[in-house]
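Below is one structure, written out as structure tokens; comments come after it.
When a ligand or atom number is given, it counts from 1 through the structure's own listing order.
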Amino acid sequence: MSKGRVLVTGAAGYIGSHTTVELINAGYDVVGVDNFSNSSPDMLKGIEQITGRPLPFMELDCSDRDQFAKVFERYPDIAASIHFAACKAVGESVQQPLKYFENNLRSLLYLIELSTRDGHGRGIVFSSSCTVYGEPDPENLPISENAPVKPATSPYGRTKQMSEEILHDCVTAYPSLKVIALRYFNPIGAHPSALIGEMPLGVPQNLVPYITQTAAGIRKELRIFGNDYPTPDGTCIRDYIYVCDLAKAHVAAVDRILQVKDSDRYEIFNLGTGTGLSVLELVNHFIQATGVNLPYSYAPRRAGDIVKVWANPEKANKVLGWKAGTPIDDVLRSAWKWEKKVRGIQ
Ligand code: UD1
């Protein structure tokens with residue numbers, strides 16, 4: 001029996017596709033929407049191959065209210081939504097802030113309106129980011145949900161902060177609305193089947209896609225941005241979380257919204273492993289896990305990078321009954337398997 005219908009916006013995207021798989025595996029009916037602005041219809045085929053079922057899907061732009069309304073008309077049984085659809089390139093957001101405010105905020109406002117308009121009470125799980133914490137004070141590490149939110153360093157980060165505030169205000173205003181905001185640390189890796197994974201357009205900005213493209217010979221070498229940071233090996237520290245573990249946390253969040261009647265109507269959870277790894281440590285894990293040669297050199301610091309951040313995930317562990325447990329070497333092997341599959345490497 002189905003556990004209910006979940007709308008996934010950005011279902012063809014990196015985290016959206018992995019979450020769609022986990023929702024279906026957990027017994028939910030899903031309807032996916034995407035405008036393919038930064039994703040490919042191939043991901044939908046991958047989802048269908050993994051789950052062995054056709055995926056109800058509508059190609060539409062969530063920042064166009066009339067288009068977005070159609071999914072609620074066609075699927076009046078939507079019980080909760082997971083809102084991934086958003087622009088996410090930090091650098092681009094600095095150059096084109098209006099694109100980020102228009103797209104990311106409009107789509108959220110319409111989702112809230114469409115979720116509450118008939119007093120129906122649909123839940124929303126929102127994709128937020130550890131970027132809201134900015135550079136944490138050292139005494140706040142590992143960082144928990146009650147650490148202060150710092151002024152955003154990019155319009156992208158600001159849309160995440162503003163979205164959380166908008167959702168909080170709307171929960172106060174609309175008694176039928178329940179929200180869980182999930183603050184992701186650094187999602188990496190791909191589904192073990194290598195049928196879905198991360199598909200960056202152009203030169204990757206994020207570390208793991210750059211590593212796998214370098215290992216595949218597409219990039220000459222990895223440049224490690226900064227080796228003079230105040231960390232044990234001088235490189236930045238992050239909390240790298242496996243995308244399939246992250247996807248499962250979304251299922252737990254939807255379960256909580258739909259099944260736990262007396263939970264708070266606005267909740268925030270950090271999604272991380274609780275362990276920080278330096279860039280150099282991650283690179284060494286990749287080399288060790290895959291046995292592949294990875295040329296790298298040290299380069300100047302990248303503007304805007306924070307020195308170190310990793311999660312205290314205890315709240316999610318306890319309240320959601322969820323834990324990110326996949327060993328980092330398995331995660332990195334999954335990323336490499338995906339890159340090889342995309343490039344046709346044996
Ligand atoms: C970035 C975004 C964050 C977003 C996340 C999505 C910024 C400031 N933050 O996080 O808001 O949610 O991506 O995954 O952009 N590195 C290298 N060489 C490279 C690429 C990266 O050394 O070629 C280093 C970076 O300096 C950093 C670490 O690898 O120390 C991780 O970088 P990245 O994968 O881009 O993630 P974040 O910057 O942590």
Check: Aromatic rings Tyr100 and Tyr156: how do their planes relate, parallel, tilted or perpendicular, breaks at 30° and 60°?
Finding: perpendicular
Checklist line | Pair Glu135 + Lys308: basic N to acidic O under 4.0 Å | finding: no
Item checked: Protein contact of atom 8 (C) of ligand 1 - nearest heavy atom, named by residue and atom, plus distance -> Gly304 O, 4.0 Å
Item checked: Side-chain donor or acceptor of Lys248 paired with backbone N/O of Glu22 under 3.5 Å -> no
Check: Counting heavy atoms only, which part of Asn206 comes closer than 4.0 Å to ligand 1: side chain, backbone, both or neither?
Finding: both
Check: Which protein non-hydrogen atom lies closest to atom 39 (O) of ligand 1, naming both residue and atom, and how far is it?
Finding: Arg238 NE, 2.6 Å
Check: Less than 4.0 Å between a side-chain N and a carboxylate O, is that true for Arg122 and Asp77?
Finding: no
Item checked: Spacing of Ile124 atom CD1 and Thr116 atom OG1 [to the nearest 0.5 Å] -> 7.5 Å
Checklist line | Proximal atoms of ligand 1 relative to Ser129 (non-hydrogen, under 4.0 Å) | finding: 12 (O)
Next item on the list: With heavy atoms of Ile224 as the reference, note each atom of ligand 1 found under 4.0 Å away.
Entry: 22 (O)
Next item on the list: Taking the side chain as every heavy atom from C-beta outward, state whether Leu177 and Val179 have any pair of such atoms under 4.5 Å apart.
Entry: yes
Check: Which is it for Thr159 and Asn104 under the side-chain hydrogen bond (donor to acceptor under 3.5 Å, both in side chains) test, yes or no, and what are the steps along the way?
Finding: CA-CA 7 Å; Thr159 67; Asn104 295 7; 3.3 Å; yes
Check: How far is atom 22 (O) of ligand 1 from its nearest protein heavy atom, and which residue and atom name does that atom have?
Finding: Phe225 N, 2.9 Å
Note to self: Suppose we measure from atom 34 (O) of ligand 1 to each protein heavy atom; which comes out shortest, and what is that distance?
What the structure shows: Leu207 N, 2.8 Å
Notebook entry, point to check: Under 4.0 Å from ligand 1, counting heavy atoms only, is it the side chain of Asn186, its backbone, both or neither?
Noted result: side chain
Item checked: Side chain, backbone, both or neither: Val208 near ligand 1, heavy atoms under 4.0 Å -> neither
Checklist line | Nearest neighbour in protein (non-hydrogen) for atom 20 (C) of ligand 1 | finding: Gln205 O, 3.5 Å
Notebook entry, point to check: What atoms in ligand 1 come closer than 4.0 Å to a heavy atom of Thr131?
Noted result: 11 (O)
Margin query: Any heavy atom of Phe185 closer to ligand 1 than 4.0 angstrom?
Written below: no
Item checked: Within-cut-off N or O pair, Arg302 and ligand 1, under 3.5 Å -> yes
Item checked: Ring-ring centroid check Tyr242 His18, cutoff 6.0 Å -> no
Margin query: Using the salt bridge (Lys or Arg N to Asp or Glu O under 4.0 Å) definition, which of the options Arg256, Arg183, Lys178 pairs with Glu267?
Written below: Arg256
Notebook entry, point to check: Ignoring hydrogens and geometry, is there a side-chain-to-backbone donor-acceptor pair from Trp338 to Gly189 under 3.5 Å?
Noted result: no
Item checked: Which of the ligand 1 atoms, numbered from 1, are nearer than 4.0 Å to a heavy atom of Cys236 -> 30 (O)
Next item on the list: Could you check atom 24 (C) of ligand 1 against the protein and tell me its nearest heavy-atom contact, residue, atom and distance included?
Entry: Val279 CG2, 3.9 Å
Notebook entry, point to check: Is there a heavy atom of Gly157 sitting under 4.0 angstrom from any atom of ligand 1?
Noted result: no
Checklist line | atom 28 (C) of ligand 1: the protein heavy-atom neighbour that sits closest, reported with distance to 0.1 Å | finding: Tyr240 OH, 3.6 Å
Checklist line | Arg223 neighbourhood, listing ligand 1 atoms whose heavy-atom distance to it stays under 4.0 Å | finding: 17 (C), 18 (N), 19 (C), 22 (O), 23 (O)
Notebook entry, point to check: Is there a side-chain hydrogen bond (donor to acceptor under 3.5 Å, both in side chains) between Lys88 and Ser93 once you walk through the steps?
Noted result: CA-CA 8 Å; Lys88 61 169 188 180; Ser93 80; over 6 Å; no
Checklist line | Nearest protein heavy atom with distance in Å, relative to atom 26 (O) of ligand 1 | finding: Asp305 OD2, 2.5 Å
Next item on the list: Run the numbers for me: atoms of ligand 1, each under 4.0 Å from some heavy atom of Val90, listed by number.
Entry: 2 (C), 7 (C), 9 (N), 11 (O), 15 (O)
Notebook entry, point to check: Under 6.0 Å between the ring centres of Tyr28 and His250?
Noted result: no
Next item on the list: Would you please determine whether Tyr156 falls within less than 4.0 Å of ligand 1 on a heavy-atom basis?
Entry: yes
Item checked: Basic-acidic side-chain contact under 4.0 Å: Asp228, Arg301 -> yes
